[in-house]
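Below you'll find the structure, written out as structure tokens, and then a few comments.
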Amino acid sequence: MPNCPNVLETGTCTDHDCEFEHNILVCEPCNFIALDDEDYDDHIATKTHLNRIAGMNLLLYCTICKTNMSTSNWEQHIEGKRHIRHAERRRISAYIEPQLATSVPGQIFCEICMRVVRRWDRHLESQGHKKKEAFISYKAALDEAEKDKNGIIIDGNLDFGIVDPSEWREGSSVTVTLKTITPNLRVRLEDWKLVSTRGSSVTSSGLIIMERFTVTFHDGNRVINPRQSVKLIITLNQQYIGRYEDRLEFVLKDIQLRKRFFISRSVRAIVGNREDHEKLKPKAPYVPKKWTKRSVKPPSLQAIPYIGTLPRAHIPRTISAILAEGSVKEITSHIKRTFLPAVLDSDTFGRHFKALLWVEETRMEQDLERYDMHNVKFLRDRGSYYVEVPGLAEKRPSVLVGDRILVQQDGAREGDWYEGFVHFVRKMAVGLRFHHSFKGWTPEQRYHVRFKLNRIPLRRQHQAMDMVFQEDRVLFPLNTHITYRSRRGVALRYFNENIASNIQQKQAVTSIVRLLAGSPPFVVFGPFGTGKTSTIVEAMLQVLFSNPEARILACAPSNSAADLLVTKLSSTLSKETLFRFNAPSRPRTAVPDDVLEYSYVRDDPRFEIWPFGVPMTRIKRFRVVASTCVSASFAAGIGMPRGHFTHIFIDEAGQATEPETLLSVKTIADPNTNIILAGDPKQLGPIIRSPIARELGLQLSYLERLMNRDAYDTEEYLGDTVVKLLQNYRSHPAILEFPNEEFYGGELEVCAEPKKRDRYIGCPVLPNPNFPIVFHTVHGQDDREASSPSFFNIDETSQIKHYVDLLRFSRQFRTNDHDIGIITPYHAQVLKIRTRLKGYADEIKVGSIEEFQGQERPVIMISTVRSSKEPIEYDLRHTLGFVANPRRFNVAITRTQALLIIVGDPQVLSIDPMWRSFLNYIYNNRGWKGPSPDWDTTAPVDAEGKYDEIIRERANLDMNDFTRRMEQMTLDGIDEDDGGGVDQPWREVE
């Protein structure tokens, strides 16, 4: 029986007596009607469908409550009392699948823009709606052009597939045949053109752009009829790893009808390693993951005898309500008006930052929900329940002993959750313990798991913000707080002889030692490779040596940075003088052996795994105590008096939020305590998840805020409040030059040992043997794996592996795994590169930019990942994302000593003015490999230039020209152009 014709028009049939079959399926996100299962299966495998559902923040419709909402609010909605009440009234389950948004009274759903609008007439005239309409028209024209028409058949596959660079000789070729089987049809091929060659291939600077493909005639025949065909040969001209796309357009004329028509075909090629592509390709198409009673605390939580209790500091309901709905701009304005003081000063400081901490905590909770697990099994062993947590080794999520995890049996009623505390953390699993009321476990029982945010660090910061220590000389130092008569002392005898020969380091140490008690915070501004950590370690030792009463609290934002302080101090200080405080939840396996010697492990039979603790009887005897910034609250927590420490040193201070940095100061300092900060405000700041908290200033570190004050003017107050280290001991001059000019005003001096910095001069991987920087063009494709929002790029992975091979197997330039560091901004790319190196280069560190902060390697390779193939449809600046963050850029390119290799897509990177300048610098110094830039590298770069608009305009010109020619050939059917200006509306859209 045939399908109902009404279904094809409306998607439904209202005729209850209809005799036709209604075998249809509807894909609501795409508004696609399929006639059968096979048609539907074909549709959901298309790029159109996958692109529609990938990464979209769709508006959803609740069929119970008859209302629309955003994807992020769906889980909250179906758990809400009102929704559950409506479901109970209708006697149906409250847990329903969301539908695509629809028009409801007072709101019209625009399926083009995927949004609900109130003023339909105004929406139709909006630029955003018109742009989307224009793009849909363009895509329709493109689809139409790719169809065989007028009896002409284009035979031949123009997808080269994967071409291995090692097999490339003088270009790979495919043949395309234009033929017909229609009797008496005579068609002439009048013209053909690749879209990329329509314009000039030479820039104003004489730069020749290499064509991706070329097309040549086979035998010179242009006439197509049933007895003869036309053949063209398409040749791939690129041998560099990457993805190359073009569009081949044929202009044909029906000789009898004297009408032109138009057919186009996409030409594609992947130059790369077939094995890499097979091994690393996504196992499933990217689909964004939905946001989605009692317990026994581990004994380690009682390992330290804290006095008093931490404040609960729960997020106020009003803040939660404000954060639940609205744009970032609207919510930011509302929070500012409602919760932030009109003036930020010493009196309002605590209230200001408590509000920002609540805003950030809300987003942290939401982000953690991404890691919730469903239908997982637990293993049981001696009273503990173990569950495997994917990504645990990568701290995604980060789980520590003492964290709470909620579990629910599959099929249990909503609300029947048990709270378990983490007692053990293994490499791939966590061990939980529950109250004895936890029943029903079997090896086959499945559970849903929710990770809960560990609020203790936030509660400690709230506690600190509530402290009454709010001295202006610490929080808001002025010029009047500066004491010009520094304490005089004896001549210093340096523990580190190298510092004695460095003018700036020597000045910093001398100034710190001679600070009068109660001075404004002193800043050691240390750009990369200038030895700021060595400087403050020397300053600590000199303070201890010159002042027998001095006691130091040494802090850093991370455990690794705090461990480094201990390692450097341990060469001079004994275990009776130096103590490393570790949080009880820290695994002992994570602590370096030389640091473990200076730590204290609680030896108590009550604990199955003896945790770190505090030697209470000796704690006040140590002259130096080192910890992380947040853990430093232990001092006040165990009752140590204010002012016990004469100095508080904070290394890498630019990486911590202001509440984290000042936690130790506000809890343990007194009016005489001196504070010394070391860091670089030009490098990475603290990681803030909430865009609202960033907008309100939580991303601005205490170090950077001080450096913006008049009292820290490096010219007027050099040596009184700040010293800037200028001698760089890390990098080759060519590597140092660009960041030096861009971030440090050209002040940094090259002081690296020639033997180290010149190690790769003349290396075969260098296009210019005297310039140790390589940029390798890879026009790749960024992919995402199943439910992971992180991007990866197979093509760049292959190229990175190739460079690793070249260096590791070079006899002249011997390079081991520990010499190489690979930086990439996306976690998925980190995993793909590790997978590709597994088994033969496992010791190479591959990590994010944050993981390399403060580190260095002889060789650094950077994979930038992002490539955009739809410049019209997507926001290119957003596509580039945090790759273009200036501080991340600065850290990434300054980790290397002797060789920097960057692999990326210059078309995307050049959107950002800073990257464009850096790429110009590399290209003009002949450090470029792969396809050349498609812009003039000698032209000045506009720091405010909107280069994304230039790329978008170029794409739109092609789109407009293509659509205009389609209209002329299919509508007017005449030989000559009529000059009708049919592309005018497209120009207005842009």
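Along the sequence shown, the residues carry numbers beginning at 1. Remember, it's a predicted structure, so these values are computed and weren't measured experimentally.
- Closest approach of Gly847 to Glu851, counting heavy atoms only: CA-OE2, 3.5 Å.
- Judged as a side-chain hydrogen bond (donor to acceptor under 3.5 Å, both in side chains), and not counting sequence neighbours, the contacts of Arg895 are Gln683.
- When every heavy atom of Ser664 is checked against every heavy atom of Ile650, the shortest pair comes out as OG-CD1, 4.4 Å.
- Residue pairs that meet the ring pair (Phe, Tyr, Trp, His ring centres under 6.0 Å) test with at least one member in residues 745-766, sequence neighbours left out, do not exist here.
- Salt-bridge check for Glu753 with Lys755: failed, with every basic side-chain N at 4.0 Å or more from each acidic carboxylate O.
- When atom types are taken as modelled, the side chain of Arg473 and the backbone of Pro671 share a donor-acceptor pair closer than 3.5 angstrom.
- When each of Glu715, Gln507, Glu747 is paired with Lys724, the side chain to side chain donor-acceptor pair (under 3.5 Å) condition holds for Glu747 and for no other.
- For Asp817 and Arg808, the salt-bridge test passes: some basic side-chain N is under 4.0 Å from an acidic carboxylate O.
- Nearest heavy atom pair, residue Phe738 against residue Ile893, reads CD2-CD1, 4.4 Å.
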**Request:** Start with the C-alpha distance between Arg580 and Asp563, add both sets of side-chain angles, then the distance that settles salt bridge (charged side-chain N to carboxylate O under 4.0 Å, His left out), and finish with yes or no.
**Result:** CA-CA 8 Å; Arg580 169 65 162 105; Asp563 290 341; 3.0 Å; yes
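- Heavy-atom neighbours of Lys506 NZ from other residues, nucleotides or ligands within 6.0 Å: at or below the threshold of 12.
- One finds the OG1 atom of Thr535 at 5.0 Å from the CD1 atom of Ile499 (value rounded to the nearest 0.5 Å).
- A donor atom on one side chain and an acceptor atom on the other are found under 3.5 Å apart for Thr567 and Asp594.
- Tyr921 has its ring centre no less than 6.0 Å from the ring centre of Phe775.
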**Item:** Residue pair Ile648, Ile676: steps toward the side-chain contact (heavy atoms from CB on, under 4.5 Å) verdict
**Value:** CA-CA 6 Å; Ile648 297 176; Ile676 296 91; over 6 Å; no
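- Contact record, Ala562 with Ala556: N-CB, 3.7 Å, taken as the closest heavy-atom pair.
- Every residue was checked against the side-chain hydrogen bond (donor to acceptor under 3.5 Å, both in side chains) condition with Glu360, not counting sequence neighbours, and none meets it.
- Of all non-hydrogen atoms in Phe852 and Ile823, the two that sit nearest each other are CD1-CG1, 3.5 Å.
- The side-chain hydrogen bond (donor to acceptor under 3.5 Å, both in side chains) pairs that include a residue from residues 693-707 are Glu658-Arg705, Glu704-Arg887, where partners are two or more places apart or lie in different chains.
- The aromatic ring centres of Phe889 and Phe918 sit less than 6.0 Å apart.
- Distance alone, capped at 3.5 Å, is enough to place a donor-acceptor pair between the Arg642 side chain and the Lys666 backbone.
- Considering every non-hydrogen atom in both Asn479 and Asp710, the closest pair reads OD1-C, 3.6 Å.
- The number of heavy-atom neighbours closer than 6.0 Å to CG of Leu478, taken from other residues, nucleotides and ligands shown, is above 12.
- Partners of Tyr744 according to the side-chain hydrogen bond (donor to acceptor under 3.5 Å, both in side chains) rule, which considers only residues two or more places apart in sequence or in another chain, are Asp680, Asn890.
- With Thr577 contributing its side chain and Phe622 its backbone, the two residues share no donor-acceptor pair below 3.5 Å.
- Applying the side-chain hydrogen bond (donor to acceptor under 3.5 Å, both in side chains) criterion to Arg759, with sequence neighbours excluded, gives Asp819.
- Side chains of Asn674 and Phe649 form no contact here, defined as non-hydrogen atoms less than 4.5 Å apart.
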